Amino acid sequence: MHHRRYGDPVPELPEVETVRRGLEPRLVGRRLVEAWSHPSAKFSAAPEAVGRVVDAVGRRGKYLLVELDDRLTLVIHLGMTGQLRVAPPADADPHDRAWWDLDDGNRFSFRDIRRFGRIAVVGDDRSALPTLAALGPEPFDPSFTAEHLWRSLRASRARLKTQLLSQRPVAGVGNIYADEALWLAGVNPAARSISRPAAARLRDAIVAVLDAGVANGGTTLRDYRTVDGGTGDNQHHLACYGRAGEPCERCGTELRRRTIDARTTTWCPRCQRR
DNA sequence: GGCTGGCCCTGTACGC
DNA sequence: TGCGTACAGGGCCAGC
């Protein structure tokens with residue numbers, strides 16, 4: 001019954017938002033007094049935030065935006081296996097990639113087994129993070145309308161799932177929630193065009209699955225953790241992702257699996273016809 | 001200028 | 001049992 005052996009859990013919008021909510025009360029108002037970073041260029045910017053005070057903890061898509069004084073932003077992307085904690089300093093963990101000591105004695109630490117995460121300190125210019133700079137609207141923002149999604153998807157000939165993962169039509173959707181939303185909307189992930197009504201269904205489905213993900217505290221399949229080390233609950237509410245070989249909850253047809261642009265994709269061949 | 005594919009990393013599953 | 005190997009994936013970038 002374990003068909004989910006492929007793939008790893010990837011922090012997407014609901015997971016990053018859950019982490020953001022956990023960090024906010026622990027970081028706002030604190031000064032970063034010391035830092036350490038792994039030598040990789042992906043993490044070496046961490047010490048640039050030393051001396052700054054945290055004004056706010058925000059999020060855009062899957063990017064965590066720790067707003068500092070002096071118009072600086074500490075940008076953290078969790079990659080695939082990134083975890084953030086705020087706790088008293090502890091013994092070094094071999095997977096620690098950066099940490100910042102706070103003026104209240106706690107340590108804000110970033111642990112990332114596979115090192116797909118990234119840390120940057122930026123001002124107004126975010127061109128060093130091109131995906132962030134070109135990010136589509138937040139899914140819960142009023143500007144994310146059916147009309148916007150339809151026009152955005154119509155402007156490209158890439159497969160619909162590829163477009164969703166590009167972060168340009170909408171911010172924050174990754175492999176899990178893309179499969180869930182496409183299934184819920186009855187849209188084929190490999191198609192290269194979409195009708196207006198289908199785009200409207202897809203828009204509603206994206207909002208619905210992300211909203212449920214946030215409400216459930218994110219999806220923990222392996223590595224994702226909340227700031228206090230807890231797990232999410234949304235893994236018990238997935239209808240499509242990781243269920244290849246199981247019957248579709250809607251029509252009973254066996255869900256299929258294929259690869260789209262190097263990403264594992266699960267879909268229902270009946271509900272999601274081209 | 002859009003799109004495709006390679007790359008980064010490491011734990012895990014799998015096969016002999 | 002133990003070892004070698006394939007595999008997965010978000011974002012970035014080179015090259016068509």
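Every chain is numbered from 1 and lettered A, B, ... according to where its sequence line falls, protein lines coming before strand lines. Everything numeric in this text was worked out from a predicted model, so none of it was measured.
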Colleague: Report which part of the nucleic acid R192(A) touches: base, sugar-phosphate, or nothing (heavy-atom distance under 4.0 Å, all strands).
Modeller: sugar-phosphate
Colleague: Rounding to an integer number of Å, can you tell me how far D112(A) CG sits from dG11(B) P?
Modeller: 11 Å
Colleague: Is any side-chain N or O of S156(A) closer than 4.0 Å to OP1 or OP2 of dC3(B)?
Modeller: yes
Colleague: Determine if F116(A) stacks with dG11(C); use a centre-to-centre distance below 5.5 Å and an interplanar angle below 30° as the criteria.
Modeller: no
Colleague: Is any NZ, NE, NH1 or NH2 atom of the basic residue among E147(A) and R196(A) found under 4.0 Å from an Asp or Glu carboxylate oxygen of the other?
Modeller: yes
Colleague: Tell me the interatomic distance from Y241(A), atom OH, to dG9(C), atom P, rounded to whole angstroms.
Modeller: 6 Å
Colleague: Whole angstroms only, please: what is the CZ-C1' distance between R111(A) and dT10(B)?
Modeller: 12 Å
Colleague: Between E17(A) and R20(A), is there a salt bridge with N-O shorter than 4.0 Å?
Modeller: yes
Colleague: Do L210(A) and V187(A) share a hydrophobic cluster, counting only Ile, Leu, Val, Met, Phe, Trp and Tyr and linking them when any side-chain heavy atoms are less than 4.5 Å apart?
Modeller: yes
Colleague: Tell me which of H95(A) and K42(A) sits closer to the 5' end of DNA chain B, going by the nucleotide each one is nearest to.
Modeller: K42(A)
Colleague: Return the value, rounded to whole Å, for the distance between atom CG of D261(A) and atom P of dC12(C).
Modeller: 17 Å
Colleague: Whole angstroms only, please: what is the CE-P distance between M80(A) and dC9(B)?
Modeller: 14 Å
Colleague: What is the distance, rounded to the nearest whole Å, between atom CZ of R257(A) and atom P of dA8(C)?
Modeller: 5 Å
Colleague: Please give, in whole Å, the distance from dC3(B) P to R157(A) CZ?
Modeller: 10 Å
Colleague: Between K161(A) and D179(A), does any side-chain N to carboxylate O distance fall below 4.0 Å?
Modeller: yes
Colleague: Check every atom of dG9(C), dG11(C), dC3(B) against the side chain of T264(A) and return the nucleotide holding the closest atom.
Modeller: dG9(C)
Colleague: Under 4.0 angstrom, heavy atoms only, what part of the nucleic acid is S166(A) near: base, sugar-phosphate, or nothing?
Modeller: nothing
Colleague: I need the CZ-P distance between F110(A) and dC9(B), as an integer number of Å.
Modeller: 14 Å
Colleague: Hey, what's the ring geometry for Y63(A) with H77(A), parallel, tilted or perpendicular (30° and 60° as the breaks)?
Modeller: perpendicular
Colleague: Side chain of H77(A) only, heavy atoms from C-beta on: which candidate in dC3(B), dC12(C), dG11(C) is closest?
Modeller: dG11(C)
